[in-house]
Amino acid sequence: MPSLRRPTSASILVSLLFLFLSVFLCPTLADGVTPEEAKQLRDEVREMFYHAFNGYMDHAFPLDELKPQSCGGEDSLGGYALTLIDALDTLALLGDRDRFSASVEWISKNLQFDINKTVSVFETTIRVLGGLLSAHLIASDYATGMRIPTYDNQLLNLAEDLGRRLLPAFDTPSGIPFGSVNLRHGVDEHESKITSTAGGGTLTLEFGVLSRLTNDSIFEQATKNAVRGLWAQRSKLNLVGAHINVFTGEWTQKDAGIGTSIDSFYEYLLKAYLLFGDEEYLYIFQEAYAAAMQYLYNDPWYVEVNMDSAAVVWPLFNSLQAFWPGLQVLAGDIDPAIRTHTAFFSVWKKYGFTPEGFNLATFSVQHGQRSYPLRPELMESTYWLYKATRDPKYLDAGRDMVASLQYSARCACGYCHIADVESHKQEDHMESFFLAETVKYLWLLFDLAVGPDNLVDNGPYKYIFSTEGHLLPATPEISLVQEHCSYFGAYCNTSNIRQDVLDVATNPRDNLYGRVGTALPSNSRYSDSTPVSGFIKGICPGLTHGQKFGISYISPGHRAHEDDSRNQGEQTNGESHSIVILQSQNSDYSPSENKYHEKLVEPHERKQTSDPPQI
Ligand code: DMJ
C-alpha cells in the first residue's frame with residue numbers, strides 16, 4: 001500500500017531544489033529548442049557531417065562508400081567515388097569553399113564513365129548524375145557565392161557523358177527504362193525486363209536539367225516517355241503498382257502505395273512541374289495524388305492496396321513513406337501532412353529510429369524489416385513542415401533525431417546503419433545519401449531556426465531538391481520561359497495583366513531574376529505577338545500568395561473560398577507554400593493520343609476565357 005505520510009520539510013526542500021535545477025540549469029531538457037540551442041544543434045550537425053565526410057575521405061575514398069565501423073571502404077555502385085559526388089552540394093551548402101573546389105577538381109580530373117560496369121539506372125541518375133549537375137550549377141555561377149574561377153564545365157561534360165551511357169536503357173516498347181545498364185556496352189542481353197515504378201519514374205529532374213543545359217532534348221524526352229509509359233498502365237482507380245514489365249507493360253507487382261518501389265514517382269511528378277513548369281506533370285500529379293489520398297490514406301497512416309480493387313494488402317508503415325508529408329507541404333496540403341508526420345515521428349520516438357517496416361495492425365516492428373539504414377525521409381519532412389509552419393515542435397523532433405544518431409549510430413569513422421531498431425545493433429555500412437540528404441536536411445532545419453543564411457533559404461534562386469537531396473535551381477536556363485508561360489493561362493487572363501507587365505514581357509531578355517536569361521527560342525509560339533513571360537506567374541494582380549509562388553492543394557469543396565480570397569486580395573501566412581488546384585477527376589487523358597496534354601499546354605485557348613480555368 002502506498003505511503004500516505006505527509007511530506008517532510010526535507011523532502012519539500014529536495015523537490016524545490018530539483019525544480020530549481022531543472023528550470024534554471026537545464027532549460028532545454030524540458031523545454032523546446034531555444035534559438036541558442038538551434039545554433040548549437042546546427043553546429044553539431046555540421047560536425048556530424050565532417051566526422052562522416054572525413055572518415056570517408058581518409059578510409060574509403062575513392063571507393064564508393066565508407067565502412068564506418070571497420071574504417072574501410074567498398075564499391076557499392078559503379079566504383080566512382082560515389083560518396084564524394086553525392087556530398088558535393090552539401091559541402092557547398094555548408095560554405096566549405098576549399099573542400100568543394102578541391103573535390104570538383106579531383107572529380108574533373110579523375111572521373112570517367114567508360115567502364116565495364118552494369119549499374120542501376122535509378123541510383124546512378126539520382127546520386128551521380130544529380131550530384132554532378134547540382135555541383136556544376138553551383139561551381140559555374142557567381143550568384144551562388146561558390147563559383148570556382150578555374151571551373152570550365154568539366155562536371156557538365158561528365159554528366160552529359162553519363163547521361164548518354166544511360167540512354168540505351170530507355171530503348172523499350174513502353175519507354176519505361178530497364179532497371180540496369182552497362183556503362184560501356186549498353187543493356188546486357190539477359191537484363192531483367194522488370195523495373196520498379198520509382199526506378200522508371202524518378203529520372204525527369206536530372207535528365208530534364210541535363211537537356212536544358214546541353215540544349216539536347218533527348219534526355220528530357222526519354223524520361224518523359226517513361227513517365228507517360230508508367231501512367232498509361234495506371235489502374236482504373238488511378239493507382240500504379242510497384243513493378244512492371246517494360247516490354248509488355250504488365251504489372252508484376254500490383255501493390256500500390258506511397259513508399260517502397262513507388263515513392264519518388266509521385267515526388268517527381270510535382271517537382272518536374274515546379275522546376276520546369278510543364279503542366280503535363282502537374283496534371284498527372286493531381287490525378288495520382290487524389291487517388292493516393294482516396295485509396296491509400298488511412299488518416300494519419302498510409303497503407304498498401306491492390307491497385308485494381310483497392311483492397312488493403314499491407315497495413316504497413318515503411319520508412320520510405322516518410323518523405324510524403326514534405327511533398328504535401330510542396331503541394332500545399334498541410335493539414336494531413338502535419339498529422340502524418342506526427343504519426344511517423346511517434347514510431348521514431350518509440351524506437352529511437354524508424355524501422356524499414358512497422359506493422360500498423362500489431363503496432364510492432366515488421367518481421368525482417370528491423371533496420372534503419374540512416375534514411376533521410378523523416379528529416380526531410382521535418383524540415384519542410386518547420387519551414388511551412390515554424391512550429392518549434394519540429395525543432396524538438398530534429399533534436400531527437402540528432403540525439404539518436406549521435407548516441408546510437410555514431411561509430412569510429414562515420415555513422416553506422418542500425419541493423420535492428422530495438423537492439424540498436426550497428427552495421428558496418430554508410431550509404432552515400434547520409435551526407436547528401438540526412439545531414440543536409442538536419443542542418444537546413446536548424447539553420448532555418450537560427451535565421452537562414454544559406455543557398456537554399458536565402459540564395460539567388462528557388463531551389464527544388466532532387467529525391468537525393470541535390471539542389472536544382474530554378475534558373476532562367478532551367479525553368480524555361482516558354483514552359484512557365486502556361487501559368488498565364490492558369491491564373492491570369494489578358495484583362496488581368498498590367499500594361500507595364502506586358503511591356504516588360506515583350507522583352508524576353510528580362511526575366512524573373514532580373515538578369516539576362518534565356519531568350520525565347522525563335523520557333524516559340526510566344527516569340528512574336530504573344531506577350532507572355534515566366535515572371536507573369538508572380539505579377540497578375542489579385543493572385544493569392546500560393547498562386548504567385550507555386551501551386552497549392554485545395555479540395556474541390558474549397559473552391560468557393562479560394563475564389564473569395566483571390567477577390568479579396570492576397571492572403572499570406574508568411575510562407576510560400578505551393579498550391580495544387582485539384583481538378584475534376586473525370587479526365588479524358590490518353591497518353592497515346594496525348595489529347596489532354598495538348599489541351600493543357602495550349603495557352604491561346606485559355607487566354608480567351610475570362611475566368612481562370614478549373615484546373
Ligand atoms: C535515397 O537514395 C533517395 O531519397 C531515394 O529516393 C530513396 N532512397 C534513398 C534514401 O532513403
Side-chain angles (χ1 to χ4, degrees), residues 52 64-66 76-78 82-90 119-134 179-180 195-207 223 226-227 230 240 242-243 257-272 302 317-327 330 344 347-348 353-358 369 371-384 401 405 409 415-418 421 427 429-442 444 464-472:
D64 281 338
E65 288 180 321
L66 173 68
S76 41
L77 195 59
L82 172 67
T83 299
L84 184 66
I85 300 171
D86 229 4
L88 283 175
D89 64 354
T90 313
V119 298
S120 154
V121 174
F122 168 71
E123 297 292 357
T124 307
T125 298
I126 66 168
R127 300 196 200 203
V128 184
L129 192 56
L132 291 173
L133 288 170
S134 166
S180 299
T195 293
S196 74
T197 299
T202 313
L203 311 160
T204 47
L205 290 189
E206 293 82 358
F207 277 68
T223 53
V227 171
L230 283 163
V240 288
H243 289 105
I258 59 160
T260 311
S261 301
I262 304 179
D263 49 359
S264 41
F265 168 73
Y266 289 102
E267 180 183 358
Y268 270 32
L269 292 176
L270 181 58
K271 288 184 174 178
Y302 288 80
F317 157 74
N318 67 64
S319 59
L320 288 168
Q321 294 176 349
F323 83 104
W324 188 260
L327 184 68
L330 276 182
F344 291 177
V347 179
W348 181 284
F353 297 104
T354 40
E356 287 291 73
F358 178 74
Q369 300 186 25
S371 68
Y372 170 70
L374 303 175
R375 287 200 191 281
E377 284 77 6
L378 195 59
M379 289 75 173
E380 178 182 353
S381 284
T382 305
Y383 164 67
W384 281 112
M401 295 173 203
L405 289 167
Y415 287 81
C416 284
H417 287 197
I418 299 299
V421 297
E427 215 172 10
H429 193 62
M430 188 180 89
E431 290 268 2
S432 65
F433 56 65
F434 181 70
L435 294 179
E437 295 189 80
T438 313
V439 173
K440 184 184 279 155
Y441 285 119
L442 282 172
L444 281 168
I464 299 296
F465 289 89
S466 77
T467 193
E468 187 73 1
H470 291 308
L471 311 181
L472 300 175

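For ligands, and for the atoms within them, numbers begin at 1 and follow the listed sequence. Residue indices begin at 1 and follow the sequence shown.
Atom numbering of ligand 1 starts at 1 in the shown order; those under 4.0 Å from a heavy atom of E437 are 1 (C), 3 (C), 4 (O), 10 (C). Close approach of ligand 1 to L320 (heavy-atom distance below 4.0 Å) involves ligand atoms 7 (C), 8 (N), 11 (O). When each atom of ligand 1 is checked for a heavy atom of T467 under 4.0 Å away, the hits are 3 (C), 4 (O), 5 (C), 6 (O). Near P376, meaning under 4.0 Å from one of its heavy atoms, ligand 1 places the atoms 10 (C), 11 (O).
Looking from atom 8 (N) of ligand 1 to the surrounding protein, the closest heavy atom is R375 NH1, 3.6 Å. The closest protein non-hydrogen atom to atom 2 (O) of ligand 1 is E468 OE1, 2.6 Å. Closest to atom 10 (C) of ligand 1, if we only count protein heavy atoms, is E377 OE2, 3.2 Å.
Neither side chain, T83 nor E65, offers a donor N or O lying under 3.5 Å from an acceptor on the other. In summary, the side chains of Y268 and E206 do present a donor paired with an acceptor at a separation below 3.5 Å, with no hydrogens or angles considered.
Judged by distance alone, the side chain of T90 and the main-chain N or O of L435 form a donor-acceptor pair under 3.5 Å. A distance-only check finds no donor-acceptor pair linking the side chain of S264 to the backbone of E267 [under 3.5 Å].
Side-chain contact between H470 and D86 is present, with heavy atoms from C-beta onward closer than 4.5 Å. Contact annotation: the side chain of R375 never approaches that of F353 to less than 4.5 Å [non-hydrogen atoms, C-beta and beyond].
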